[in-house]
Asker: 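Pasting in a structure now, in structure tokens, and then I'll have a few things to ask.
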Amino acid sequence: MTLYHFGNCLALSYIPFWIVYKYCGLSEYGAFWKCIQAGGVYALTQLGKMLLLATFFPTSGDYSQDDPDNFSPLQELLKCTVDLIDLIGLSVVMSRIAGKGHTKVLIAGLGWAGAELVLSRLLVLWVGARGTEFDWRYIQKSFEANISIVHFLSVTALVWLYSRHDLPKQLLPAVVILIGFHSYKSVICDMISHIMHMYSWSLLAFKAVFSLTMALIVLHIYGGVATLAA
């Protein structure tokens, strides 16, 4: 039964990645190895972020749903600023991929999200989902992995848009604002959770709606710029 639960969580986490890879045309480009390379850059980026966090930020005061009163908005905001390094990493990945814009976005975004899943959630699922007692938290983590696909694809598209020299000037402020919203998504969700007392499934639903809304806006801008570029 425990292995069955683990298998369900694993399928719920990984099958959406396979669907995106298969049906968005990446399999036709033989882009699997490029996605792995993007995941390698993600790992190096996270190592750099960990060194910065360990050097400049104390471990005390971290926000947790188990201790919602221990929340410092300023400290969490400063920690999220370190996540801007991800934008540099994504830019480096896309600069090394030959092809059209949508191919670069899909390869970099999918590789980034896949590496995040492997490094951040796989061990948790392996240890926790195989426990003797069923726990919904691991199903939630699997859903969070699906939300991460949308999030990282949106971020990658924004990095691509920002790097375009032919991006209309009137769209630049919108792209920068959206990059800010995506970069500080975690602290925004933590603040909403703290203020509105949203936890568990309600917080997961908010993250899904937030990511999907941002993704639709990014898709609208990306579609217009890609059409002009074509």
Asker: Same cluster or not: are L172 and I179 linked, directly or through other Ile, Leu, Val, Met, Phe, Trp or Tyr residues, by side-chain heavy atoms under 4.5 angstrom apart?
Answerer: yes

Asker: Looking at side-chain heavy atoms only, is the closest gap between Y184 and L84 below 4.5 Å?
Answerer: yes

Asker: Work out which heavy atom in K185 is nearest to a heavy atom in H151; give both atom names and the distance.
Answerer: CD-ND1, 3.6 Å

Asker: Distance from Q140 atom CD to Y138 atom OH, nearest 0.5 Å?
Answerer: 11.0 Å

Asker: Can you find a pair of side-chain heavy atoms, one from L167 and one from V225, that are under 4.5 Å apart?
Answerer: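 Answer yes - side chains close enough.
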
Asker: Consider only side-chain N and O atoms of K34 and Q37, and report whether a donor and an acceptor are under 3.5 Å apart.
Answerer: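 Short answer, no.
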
Asker: Which value, rounded to the nearest 0.5 Å, describes the distance between I139 atom CD1 and L204 atom CG?
Answerer: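 Taking CD1 in I139 and CG in L204, the distance rounds to 11.0 Å.
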
Asker: For residues L90 and V41, determine if any side-chain heavy atom of one lies less than 4.5 Å from a side-chain heavy atom of the other.
Answerer: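 Not in contact.
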
Asker: Side chain of T213, backbone of V209: donor and acceptor closer than 3.5 Å?
Answerer: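 Checked: pair present.
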
Asker: Would K49 and D86 pass as an ion pair if we require N to O under 4.0 Å?
Answerer: yes

Asker: Within this structure, what is the CG-CG distance for the pair N8 and L125, rounded to the nearest 0.5 Å?
Answerer: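 CG of L125 is found 11.5 Å from CG of N8.
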
Asker: For the pair S202 (side chain) and Y199 (backbone), establish whether a donor and an acceptor sit closer than 3.5 Å, ignoring hydrogens and angles.
Answerer: yes

Asker: Flag yes if V155 and I177 sit in one hydrophobic cluster, no otherwise; membership is Ile, Leu, Val, Met, Phe, Trp, Tyr, and two members link when side-chain heavy atoms are under 4.5 Å apart.
Answerer: yes

Asker: Please determine whether residues M94 and F152 belong to a single hydrophobic cluster, defined as Ile, Leu, Val, Met, Phe, Trp and Tyr linked transitively by side-chain heavy-atom distances below 4.5 Å.
Answerer: yes

Asker: Do the side chain of T55 and the main chain of L51 share a donor and acceptor less than 3.5 angstrom apart?
Answerer: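 It does hold such a pair.
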
Asker: For residues V176 and W160: do they belong to one hydrophobic cluster (side chain heavy atoms under 4.5 Å, members Ile, Leu, Val, Met, Phe, Trp, Tyr)?
Answerer: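 Linked, V176 and W160 end up in one cluster.
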
Asker: So does D190 get a backbone contact from the side chain of H194, meaning a donor-acceptor N/O pair under 3.5 Å?
Answerer: no

Asker: I need the single residue from P16, S13, S148 that forms a side-chain contact (heavy atoms from CB on, under 4.5 Å) with L117. Which is it?
Answerer: S13

Asker: So, the side chain of T103 versus the backbone of G99: is there a donor-acceptor pair under 3.5 Å, distance only?
Answerer: no

Asker: Test your reading of the model: is there a side-chain donor-acceptor pair from S95 to the backbone of V92, 3.5 Å cut-off?
Answerer: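 Yes, S95 side chain to V92 backbone: donor-acceptor pair under 3.5 Å.
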
Asker: List the steps, then state whether side-chain contact (heavy atoms from CB on, under 4.5 Å) holds for I221 with L178.
Answerer: CA-CA 11 Å; I221 298 175; L178 287 169; 3.7 Å; yes

Asker: Quick one: closest heavy-atom pair of I97 and K104, and the distance?
Answerer: O-CE, 2.8 Å

Asker: Are V93 and Y42 close enough, and set up right, to give a side-chain contact (heavy atoms from CB on, under 4.5 Å), and what steps lead you there?
Answerer: CA-CA 9 Å; V93 170; Y42 171 86; over 6 Å; no

Asker: Connecting only ILVMFWY residues whose side-chain heavy atoms lie within less than 4.5 Å of each other, what is the rest of I15's hydrophobic cluster?
Answerer: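 Same cluster as I15: W18, I19, Y23.
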
Asker: Would a single hydrophobic cluster contain both L26 and L219, if residues Ile, Leu, Val, Met, Phe, Trp and Tyr are joined by side-chain heavy-atom contacts under 4.5 Å?
Answerer: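 Different clusters.
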
Asker: Do the side chains of C189 and I192 get nearer than 4.5 Å, heavy atoms only?
Answerer: no

Asker: Establish, from distance only, whether the side-chain atoms of S142 and Y14 form a donor-acceptor pair under 3.5 Å.
Answerer: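 Side-chain D/A pair, S142 to Y14: absent.
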
Asker: Would you say the side-chain atoms of S211 pair up with the backbone N or O of I147, donor to acceptor, closer than 3.5 Å?
Answerer: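 No; judged by distance alone, with no hydrogens or angles, the pair does not exist.
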
Asker: Can you tell me how far NZ of K169 sits from CG of L171, rounded to the nearest 0.5 angstrom?
Answerer: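 NZ of K169 is found 13.0 Å from CG of L171.
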
Asker: With rounding to the nearest 0.5 angstrom, report the NE2 to CD1 distance, H182 to I188.
Answerer: 10.0 Å

Asker: CZ of F181: more than 12 outside heavy atoms within 6.0 angstrom?
Answerer: no

Asker: Search all heavy atoms of V218 against all heavy atoms of S154 and return the closest pair with its distance.
Answerer: CG1-O, 3.9 Å

Asker: Hey, does T45 have a side-chain heavy atom less than 4.5 Å from the side chain of W112?
Answerer: yes

Asker: So, does Y21 use its side chain to make a donor-acceptor pair with the main chain of I107 at under 3.5 Å?
Answerer: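 Such a contact is absent between Y21 side chain and I107 backbone.
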
Asker: Decide side-chain contact (heavy atoms from CB on, under 4.5 Å) for V82 and I85; before the verdict, give the C-alpha distance in whole Å, the side-chain angles of both, and the deciding distance to 0.1 Å.
Answerer: CA-CA 6 Å; V82 180; I85 297 176; 4.0 Å; yes

Asker: How far does OG of S193 sit from CG of L203, to the nearest 0.5 angstrom?
Answerer: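 It is 5.0 Å, given to the nearest 0.5 Å.
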
Asker: Any side-chain heavy-atom pair from Y222 and V105 closer than 4.5 angstrom?
Answerer: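 A side-chain contact under 4.5 Å exists here.
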
